[in-house]
K.L.:
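Structure in C-alpha cells, see below.
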Amino acid sequence: MMNEKLKLAIIGLGYVGLPLAVEFGKKRPVVGFDINAKRIAELQSGKDHTLETEPDELKQARHLSFSKDIEDLRSCNVFIVTVPTPIDQYKRPDLTPLIRASETIGKVLKPGDIVIYESTVYPGATEEDCVPVLEKVSGLRFNEDFFAGYSPERINPGDKQHRVTTIMKVTSGSTPDVAETVDALYNEIITAGTHKAPSIRVAEAAKVIENTQRDLNIALINELAMIFNKMDIDTEAVLKAAGTKWNFLPFRPGLVGGHCIGVDPYYLTHKAQALGYHPEIILAGRRLNDGMGVYAVAQLVKSMTKKRIQVDGARVLVMGLAFKENCPDLRNTRVVDIVAELQEYNCKVDIYDPWVSAEDAFEEYGVSPIKQPEPGVYDAIVLAVAHNEFRAMGAQAIRALGRPVNVLYDLKYVLPSNAVDLRL
C-alpha cells in the first residue's frame, strides 16, 4: 500500500488516541472514532477535558474529523486501535474493549487494509486474540486479505515535555512489507524516530516489560522505605546520598497506580501462568505496591494515636485523587485505597483535588471530592498527590487546614521533612 493513499481511523480518543489523531491529522485524512457520544461532542466543540491537547492544537489538525458513526470508517484503510486494556477485580486482563474495537473494525474491513494495535497487551494477544475476531467478523483472511501491526503507546499523561512526537516509537508488522509501511507511517509524525521490531510479539513484549521494570524498581524502594521507617531513618535523605553515584536509579517510594505501571505487569504474569510458569519476582513486587495504601494508613493511625488524637470519627483530609501530579487522570488511582482504609477506621474523609472532575470521581469510584477544604477542622491531612497547587500552598497553609493538634503525612516529598509528621 502506497503511503500517500493511506486514510487513517483512530479507534478510541482518550489520553493515547487523541494526541495521535491530532498529529496525523496535521498531515493526512484521519477519522477520530469513539463510541462515547459525549466525548465526540466535546472534541467537535474544540475542547479536551484530558488536557492532553490544547484548543490550538485541535485547530491545527485540519484533516481530522470526529465521529461515533461506524459508517464514517468505511473510507479508511488503516485502523489504529488505542482503547484501554484494564484488569478486572481479580487482576486478570480484561480484553473486552480490545475485542469490541476489533469487532467494530471487522464490520468495515476491506481487502488490503491494515489494523495497528497500540493498546498494551501480553505477547501474542494481537495475533491470537484480536486477529481471529477481525477474520470472523469480516470474513477476510489474515495476511492474505488484510494485515496487522503493533506499535505500543508510550504516552505519559500530563507530561508536556515528552509528547507523542518526541518519544521514540516501536513499530512492527505482520509481514515484512507491512512492517515497512507501518514504520514509514509513524515516521511521518515521530520526530524522535522509530525502532522497527522483528515481529509483533517482540513489540508486544517490549511494551509490557517497560512498566513491569518500573513497577519492580518502585517496589524495591517502597520496601526500603518500610525498613528505614522502622530504623527511624529519613528515606529521602538516604536516596539523595545514594543518588550521588552515577548509576543509582532515581526512583522514589509511593503509591503505584495509573493506567500502565499498576496494570501492565498483570498482563505479563497472566500469560506466563497460562504457559505453566509462576512468576515470583513480578508478583511479589505487585503485592507490595498494591499494599502501600494500607501501609500508609497504618503509619498515619499510629502517629495519630501517639498524639492522642481519637481515630474513630476523626476528620481526615486527603489532598489529591488523580494517579499523578498535575493531571486529571483518575484511572487506577491508588489514592482510593487510602480513602477506603481510613473509612474502615470510621474516619470521616474529605478528598480535595483541583485537577479532577467531581462527576468523573463519583462515576469511577463513588466518591465526591469537595470544592475547597475548610480551615482548622481536620485531625489529619494526607498529602497524596504532588500537584503544583499544593506545592504553592506550602507547609504553613496546609497545616492551617488542621486542628491545633493534627498529623500531616506527606506521601510525595512535597514539603521539607521538618515541616511534616510523616513521610514514606
Side-chain angles (χ1 to χ4, degrees), residues 1-14 16-25 27-36 39-40 43 61 63-85 95-121 125-153 164 169-175 177-186 188-189 200 203-204:
M1 188 181 294
M2 300 298 291
N3 271 30
E4 61 270 16
K5 295 182 180 179
L6 302 183
K7 180 178 180 180
L8 277 54
I10 309 296
I11 312 298
L13 297 173
V16 174
L18 181 62
L20 193 69
V22 167
E23 292 304 323
F24 274 123
K27 297 181 177 294
R28 62 169 65 247
V30 178
V31 175
F33 179 86
D34 202 291
I35 59 174
N36 187 334
R39 177 63 165 162
I40 294 298
L43 294 173
H63 309 292
L64 172 62
S65 62
F66 301 107
S67 178
K68 58 180 174 55
D69 187 350
I70 189 173
E71 293 302 314
D72 290 332
L73 300 178
R74 291 194 182 278
S75 62
C76 300
N77 46 29
V78 174
F79 304 87
I80 302 180
V81 180
T82 61
V83 298
T85 43
L95 296 181
T96 303
L98 209 56
I99 298 303
R100 295 287 178 266
S102 299
E103 290 171 345
T104 297
I105 295 169
K107 294 174 183 177
V108 296
L109 200 62
K110 307 176 299 298
D113 288 356
I114 301 173
V115 184
I116 304 169
Y117 291 88
E118 288 213 1
S119 308
T120 304
V121 292
T126 297
E127 291 157 300
E128 296 167 12
D129 296 286
C130 299
V131 164
V133 174
L134 295 172
E135 287 186 314
K136 180 179 179 181
V137 176
S138 69
L140 302 176
R141 292 169 295 181
F142 178 50
N143 278 344
E144 292 183 28
D145 301 318
F146 74 93
F147 306 89
Y150 184 79
S151 182
E153 61 90 2
V164 62
K169 201 88 161 71
V170 174
T171 67
S172 63
S174 56
T175 70
D177 286 344
V178 171
E180 288 289 344
T181 299
V182 172
D183 193 66
L185 178 64
Y186 279 105
E188 291 181 355
I189 63 168
I200 287 176
E204 291 168 327

K.L.:
What are the two closest heavy atoms between Phe147 and Thr175, and how far apart are they?
P.N.:
CD2-CG2, 4.0 Å
K.L.:
Any side-chain heavy-atom pair from Leu43 and Asp34 closer than 4.5 angstrom?
P.N.:
no
K.L.:
Could you measure the distance from the NZ atom of Lys136 to the CD atom of Glu103? Nearest 0.5 Å is fine.
P.N.:
8.0 Å
K.L.:
For the residue pair Tyr150 and Val121, what are the closest heavy atoms and their distance?
P.N.:
OH-N, 3.8 Å
K.L.:
Say you draw a straight line from CZ of Phe146 to CD1 of Ile114; how long is it, rounded to the nearest 0.5 Å?
P.N.:
11.5 Å
K.L.:
Quick one: are Phe66 and Leu18 in side-chain contact, heavy atoms under 4.5 Å?
P.N.:
yes
K.L.:
On a heavy-atom basis, which atom in Ser67 and which in Ile40 lie closest, and how many Å separate them?
P.N.:
O-CD1, 3.4 Å
K.L.:
Calculate, to the nearest 0.5 Å, the distance between atoms CZ and CG belonging to Arg74 and Asp69 respectively.
P.N.:
9.5 Å
K.L.:
Are Glu153 and Val164 close enough, and set up right, to give a side-chain contact (heavy atoms from CB on, under 4.5 Å), and what steps lead you there?
P.N.:
CA-CA 8 Å; Glu153 61 90 2; Val164 62; over 6 Å; no
K.L.:
Check whether any side-chain N or O of Glu127 sits under 3.5 Å from a backbone N or O of Ile200 as a donor-acceptor pair, and report yes or no.
P.N.:
no
K.L.:
Start with the C-alpha distance between Ser174 and Asn143, add both sets of side-chain angles, then the distance that settles side chain to side chain donor-acceptor pair (under 3.5 Å), and finish with yes or no.
P.N.:
CA-CA 7 Å; Ser174 56; Asn143 278 344; 2.7 Å; yes
K.L.:
Do you know the tightest heavy-atom contact between Thr126 and Gly149?
P.N.:
CG2-O, 4.4 Å
K.L.:
Can you tell which of Ser172, Ser151, Ser102 makes a side-chain hydrogen bond (donor to acceptor under 3.5 Å, both in side chains) with Tyr117?
P.N.:
Ser102
K.L.:
Tell me every residue that passes salt bridge (charged side-chain N to carboxylate O under 4.0 Å, His left out) with Lys110, counting only those two or more places apart in sequence or in another chain.
P.N.:
Asp113
K.L.:
Using a 6.0 Å cut-off, check whether atom CD1 of Ile99 has over 12 heavy atoms from anything other than its own residue.
P.N.:
yes
K.L.:
Check whether any side-chain heavy atom of Leu185 lies under 4.5 Å from a side-chain heavy atom of Ile116, and answer yes or no.
P.N.:
yes
K.L.:
Which distance, rounded to the nearest 0.5 Å, do you find between the CG of Leu73 and the CG of Leu109?
P.N.:
11.0 Å
K.L.:
Counting only N and O atoms by type, is there a donor-acceptor contact under 3.5 Å from the side chain of Asn77 to the main-chain atoms of Lys5?
P.N.:
yes
K.L.:
Using modelled atom types only, decide if a donor and an acceptor are shared between the side chain of Lys169 and the backbone of Pro152 within a distance under 3.5 Å.
P.N.:
yes
K.L.:
State, yes or no, whether a side-chain contact exists between Leu64 and Phe24 at a heavy-atom distance under 4.5 Å.
P.N.:
no
K.L.:
Taking the side chain as every heavy atom from C-beta outward, state whether Ile189 and Leu20 have any pair of such atoms under 4.5 Å apart.
P.N.:
yes
K.L.:
Below 4.5 Å, heavy atoms only, C-beta onward: do Tyr186 and Ile80 meet side chain to side chain?
P.N.:
yes
K.L.:
Closest heavy-atom contact between Ile10 and Thr82?
P.N.:
CG2-OG1, 3.9 Å
K.L.:
Would you find a donor on one side and an acceptor on the other, under 3.5 Å apart, between the side chain of Arg28 and the backbone of Leu8?
P.N.:
no
K.L.:
Tell me whether Asp145 contacts the main-chain N or O of Pro111 through its side chain, where contact means a donor paired with an acceptor under 3.5 Å.
P.N.:
no
K.L.:
Could you pull out the closest heavy-atom pair between Val137 and Lys107, with the gap in Å?
P.N.:
CG1-N, 3.6 Å
K.L.:
Taking the side chain as every heavy atom from C-beta outward, state whether Asp129 and Val133 have any pair of such atoms under 4.5 Å apart.
P.N.:
no
